[in-house]
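Counting convention: from 1, in listed order, for ligands and their atoms alike. These numbers come from a predicted model, not from an experiment.
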Amino acid sequence: MAIIIKSHREIDLMREAGRILAITHEEMKKAVRPGISTYEINKIGEDVIRSFGCIPSFLDYNGYPASICVSVNDEVVHGIPSKHRILQEGDIVSLDAGVIYEGYHSDSARTYGVGKISDKAQALIDATKQSFFEALKVCKEGNHINDISEAVYNYITARGYTAVEALVGHGVGANLHEAPEVPNFPRGRKGPKLKAGMTIAVEPMINIGTHEVEWLDDDWTVVTADGELSAHYENTILITDGEPEILSRAEGIDL
Ligand code: MF3
Ligand code: CO
């Protein structure tokens, strides 16, 4: 599949999708606390998205049954919100969301601690987030996808973590998933060259133990094979002829 270079108009639409997505994450973040169900977090996120007249990217995507992926502890990604899944003090929770604004997607994820969490869990969350920013430094026209993969991989493996290999980042635009694939580990080839106007979702999925994952019987929830913690951090970014631009952000809201 060819990599689609976006026009200024398309980028403007994606920037607005990203702004709304950042506001959505901010509202969900405020709601994360012991005692809340993952269903309620999904509802808050979906309501914010719809309040802007937008559509949640994930709802019904390949049959996914909710708007927000809510993944707790050893759940890596694609956790299905449930009224019966109540967040507990000490949990970590990854919230992955997408917004469609006038036909264009933005995709981003954050991982938060629930109440007081262990130093070990906080260190994983911090390293996962920082690995994204390490990758961002090499998101420059003329570099290759593998430079992103190595930036994430080298940062997290130096700290004793592992990168999930069964799932990868991706191009994003009029479709949630477009070319190219953006792995968080080197594949032994340079991969496509980065060009101005490419829009990609860079999304480290980082584990404390093995990189191996399994799927639960719901056919969606991806969990670590050893039951250890996993964290996720993602932004939709624009490659330019200078510094990259994070599209999934909003003025006054922390990344
Ligand atoms: N955010 C996920 C990704 O980056 C997409 C979720 S898959 C869905 O690929 F089915 F839940 F939408
Ligand atoms: Co994504």
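A salt bridge links Glu181 with Arg187; the closest basic N to acidic carboxylate O contact falls under 4.0 Å. Using a 4.0 Å cut-off between charged nitrogen and carboxylate oxygen, Glu16 and Arg19 count as a salt-bridge pair. Using a cutoff of 4.0 Å between basic side-chain nitrogens and carboxylate oxygens, Arg85 and Glu75 are scored as salt-bridged.
Evaluation of the ring pair (Phe, Tyr, Trp, His ring centres under 6.0 Å) test over residues 188-227, restricted to residues two or more places apart or in two chains, returns Tyr64-Trp220, His78-Trp220.
By the criterion of a heavy-atom distance under 4.0 Å, the side chain of Cys69, and not its backbone, is placed next to ligand 1.
Between Tyr233 and Phe133, the angle of the ring planes lies from 30° to 60°, which puts this pair in the tilted group.
Taking only nitrogen or oxygen atoms, main chain and side chain alike, Trp220 does not reach within less than 3.5 Å of ligand 1. Residue His170 has at least one nitrogen or oxygen atom sitting less than 3.5 Å from a nitrogen or oxygen atom of ligand 1, judged on distance alone. The shortest N/O to N/O separation between Tyr64 and ligand 1 does not fall below 3.5 Å.
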For residues 20-29, which side-chain N or O atoms pair as donor and acceptor with protein atoms under 3.5 Å away, sequence neighbours left out?
{"unit_1": "Thr24", "atom_1": "OG1", "unit_2": "Ile20", "atom_2": "O", "d": "2.8"}
{"unit_1": "His25", "atom_1": "NE2", "unit_2": "Ser108", "atom_2": "O", "d": "3.0"}
{"unit_1": "His25", "atom_1": "NE2", "unit_2": "Ser108", "atom_2": "OG", "d": "3.1"}
{"unit_1": "Glu27", "atom_1": "OE2", "unit_2": "Lys30", "atom_2": "NZ", "d": "2.9"}

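Using a 4.0 Å cutoff on heavy atoms, Ala201 does not count as a contact of ligand 1.
Residues passing the side chain to side chain donor-acceptor pair (under 3.5 Å) test with Lys129: none are found, sequence neighbours excluded.
Side-chain heavy atoms closer than 4.5 Å link hydrophobic residues (I, L, V, M, F, W, Y) into clusters, and following such links, even through other members, never connects Val72 to Val222.
By the neighbour-count criterion of 12 heavy atoms within 6.0 Å, atom OH of Tyr153 is sparsely surrounded, having that number or fewer from other residues, nucleotides or ligands.
Which parts of ligand 1 touch Asp107 is read off a 4.0 Å heavy-atom cut-off, strictly below it: atoms 1 (N), 3 (C), 4 (O).
Of all protein heavy atoms, the one closest to atom 2 (C) of ligand 1 is Asp96 OD2, 3.3 Å. Nearest to atom 7 (S) of ligand 1 among the protein's heavy atoms is His78 NE2, 3.5 Å. For atom 4 (O) of ligand 1, the closest non-hydrogen atom of the protein is Glu203 OE2, 2.7 Å. Of the protein's heavy atoms, His177 NE2, 2.5 Å lies nearest to atom 9 (O) of ligand 1.
From Gln88, atom CD reaches atom CD1 of Ile36 across 13.0 Å, with rounding to the nearest 0.5 Å.
Applying the side chain to side chain contact (heavy atoms under 4.5 Å, CB included) test between Ile49 and each of Ile55, Ile68, Ile100 identifies Ile68 as the sole match.
Taking distances strictly below 2.8 Å, the protein N/O/S atoms close to the Co ion (ligand 2) are Asp107 OD2, His170 NE2, Glu203 OE2, Glu234 OE2.
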